Amino acid sequence: MTAVLFDFSGTLFRVESTDSWLRGVLAEAGIALPEAELAETALALETAGALPGGADPVRLPTEVAEVWDVRDQSSELHRAAYTGLSRQVPLPDPGLHDALYERHMSPGAWAPYPDAAEVLHALHERGIQVAVVSNIGWDLRPVFREHGLDPYIDAYVLSYEHGIRKPDPRLFATACTKLGVEARDVLMVGDDRRADGGAAALGCEVHFVDHLPVALRPDGLRPVLDLVG
């Protein structure tokens, strides 16, 4: 293998919990809720699937269903989809829905998996190129910079910048072109068998990891080092 493509959410990084997400926004707004009400609201937001990178929605409202499947093709669609889900849950101030969306894009809302830096550094030392290929509606580069992982990334291929989302092989092909490599020499690593598995149609090898909380997956990326040889 001459290159590895990594998914972002659930693969290299994991977003904070819905409870932490809500608490952070309420604190920033200076709003205090009784603990029972806060816990109930956090659960409702999680059930709604309002946190990007968190749980999928249990039910898609009609007004969100129209944009859900294309949400990662532009920043506007992404915001509309997730704030639409958030607005299914009553909050003390309507402006909190936009504040929640803004918070999830902040570097502090994301934590790298424990072995992410180790694996990316090892690939860099071996001269193996790395690209991040993500279905996303915003620029995740600041997250990598904040956590010190940007020096190990040779290219970012983000769906909203290309109007294409995984599993469309064209997004993986774009990554291969940016790295100057052939698909047959590339390993795609992700947590979504449908989306990330689309790389196989291009001829890439594919390896899956489990989308687990950071504390529960301390070494899920290390097998990548054996796979690339």
Side-chain angles (χ1 to χ4, degrees), residues 1-16 52-56 69 71-73 110-137 140-141 143-145 147-162 164-229:
M1 296 295 174
T2 59
V4 180
L5 312 181
F6 285 98
D7 172 52
F8 168 57
S9 175
T11 300
L12 290 175
F13 283 82
R14 172 74 183 242
V15 74
E16 65 184 332
D56 288 333
D69 287 341
R71 68 192 183 279
D72 298 314
Q73 291 179 200
W110 296 87
Y113 281 93
D115 56 346
E118 170 195 337
V119 170
L120 290 174
H121 174 75
L123 292 172
H124 182 74
E125 289 294 299
R126 294 185 192 182
I128 295 172
Q129 295 192 87
V130 169
V132 174
V133 183
S134 177
N135 281 349
I136 200 165
L140 51 72
R141 294 172 182 85
V143 176
F144 282 79
R145 289 196 292 267
H147 291 279
L149 300 185
D150 181 65
Y152 306 128
I153 309 302
D154 299 290
Y156 293 92
V157 179
L158 313 180
S159 61
Y160 84 101
E161 293 181 336
H162 298 276
I164 306 167
R165 65 193 302 264
K166 298 179 292 186
D168 192 320
R170 290 178 295 169
L171 201 63
F172 305 105
T174 297
C176 291
T177 298
K178 281 180 173 284
L179 298 179
V181 296
E182 297 292 332
R184 63 176 178 270
D185 299 322
V186 172
L187 174 68
M188 174 66 205
V189 181
D191 67 295
D192 187 319
R193 291 184 177 273
R194 179 177 178 275
D196 300 313
L202 193 66
C204 301
E205 294 292 326
V206 181
H207 175 70
F208 296 106
V209 295
D210 295 321
H211 188 152
L212 295 171
V214 166
L216 299 182
R217 212 195 75 194
D219 54 7
L221 291 168
R222 287 185 185 143
V224 170
L225 298 178
D226 294 326
L227 290 169
V228 298

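Residue numbers run from 1 in the order of the sequence given. Just so it is clear, the model here is predicted, and its values are computed rather than measured.
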Sequence-distant partners of Ala122, side-chain contact (heavy atoms from CB on, under 4.5 Å), two or more places apart: Leu225
One pair to check against side-chain contact (heavy atoms from CB on, under 4.5 Å): Leu140 and Trp110. What are the steps and the verdict? CA-CA 10 Å; Leu140 51 72; Trp110 296 87; over 6 Å; no
Only one of Leu12, Leu149, Val143 clears side-chain contact (heavy atoms from CB on, under 4.5 Å) with Val132; which? Leu12
The criterion is side-chain contact (heavy atoms from CB on, under 4.5 Å); which residues satisfy it with Asp191, sequence neighbours excluded? Asp7, Thr11, Asp196, Val209, His211
Any chance you could measure Leu202, atom CG, to Thr174, atom OG1, to the nearest 0.5 Å? 9.5 Å
Start with the C-alpha gap between Lys178 and Glu161, add the side-chain angles, then the distance that decides, and say whether salt bridge (Lys or Arg N to Asp or Glu O under 4.0 Å) holds. CA-CA 14 Å; Lys178 281 180 173 284; Glu161 293 181 336; over 6 Å; no
Drop me the distance from Phe208's CZ to Asp192's CG, to the nearest 0.5 angstrom. 8.0 Å
Under 3.5 Å, side chain of Ser159 to main-chain N/O of Gln73, donor-acceptor pair present? no
Closest heavy-atom pair, Pro114 versus Pro218, reported as atoms and distance to 0.1 Å, is CB-O, 3.7 Å
Test side-chain contact (heavy atoms from CB on, under 4.5 Å) applied to Leu179 and Leu5, step by step: CA-CA 10 Å; Leu179 298 179; Leu5 312 181; 3.9 Å; yes
Donor-acceptor pair, Tyr113 side chain versus Leu212 backbone, under 3.5 Å? yes
Which distance, rounded to the nearest 0.5 Å, do you find between the CD of Glu182 and the OG1 of Thr2? 8.5 Å
His124 atom NE2, neighbour heavy-atom count above 12 within 6.0 Å: no
How many angstroms lie between CD1 in Ile164 and CG in Asp72, if you round to the nearest 0.5 Å? 12.5 Å
Smallest heavy-atom separation, Pro112 atom then Val214 atom, equals O-CG1, 3.8 Å
Can you name the residues that form a side-chain contact (heavy atoms from CB on, under 4.5 Å) with Glu205, not counting sequence neighbours? Met1, Leu187
Shortest non-hydrogen contact between Ala183 and Cys176, atoms and distance: CA-SG, 4.0 Å
Crowding at CZ, Arg193 (>12 non-hydrogen neighbours, <6.0 Å): no
When you compare the side chain of Val4 with that of Val228, does any pair of heavy atoms fall below 4.5 Å? yes
Quick test of your reading: applying salt bridge (Lys or Arg N to Asp or Glu O under 4.0 Å), list the pairs with at least one residue in residues 122-137, sequence neighbours left out, ordered by first then second residue. none
Ring pair (Phe, Tyr, Trp, His ring centres under 6.0 Å) for Phe144 and Phe13? Distances and angles first, verdict last. CA-CA 9 Å; Phe144 282 79; Phe13 283 82; 5.0 Å; yes
Whether Asp115 side chain and Arg222 backbone form a donor-acceptor pair below 3.5 Å: yes
Walk me through it: do Phe172 and Val186 pass the test side-chain contact (heavy atoms from CB on, under 4.5 Å)? CA-CA 10 Å; Phe172 305 105; Val186 172; over 6 Å; no
Any side-chain heavy atom of Arg141 within less than 4.5 Å of one from Ile153? no
Give me the atom names and distance for the closest heavy-atom approach of Leu221 to Ala116. CD1-CA, 3.7 Å
Can you give me the closest heavy-atom contact between Val130 and Phe6, atom names plus distance? CG1-CD1, 3.7 Å
Among all residues two or more places apart in sequence or in another chain, which pass the side-chain contact (heavy atoms from CB on, under 4.5 Å) test with Pro167? Arg194
Below 4.5 Å, heavy atoms only, C-beta onward: do Val15 and Pro52 meet side chain to side chain? no
Just grab all the salt bridge (Lys or Arg N to Asp or Glu O under 4.0 Å) pairs involving residues 207-220, residues at least two apart or on different chains. none
When rounded to the nearest 0.5 angstrom, what is the spacing between CG in Asp185 and CD in Gln129? 11.5 Å
Would Asp150 and Tyr156 count as a side-chain contact (heavy atoms from CB on, under 4.5 Å) if you check the C-alpha gap in whole Å, the side-chain angles of each, and the deciding distance to 0.1 Å? CA-CA 10 Å; Asp150 181 65; Tyr156 293 92; 2.7 Å; yes
So, does Lys166 use its side chain to make a donor-acceptor pair with the main chain of Leu171 at under 3.5 Å? no
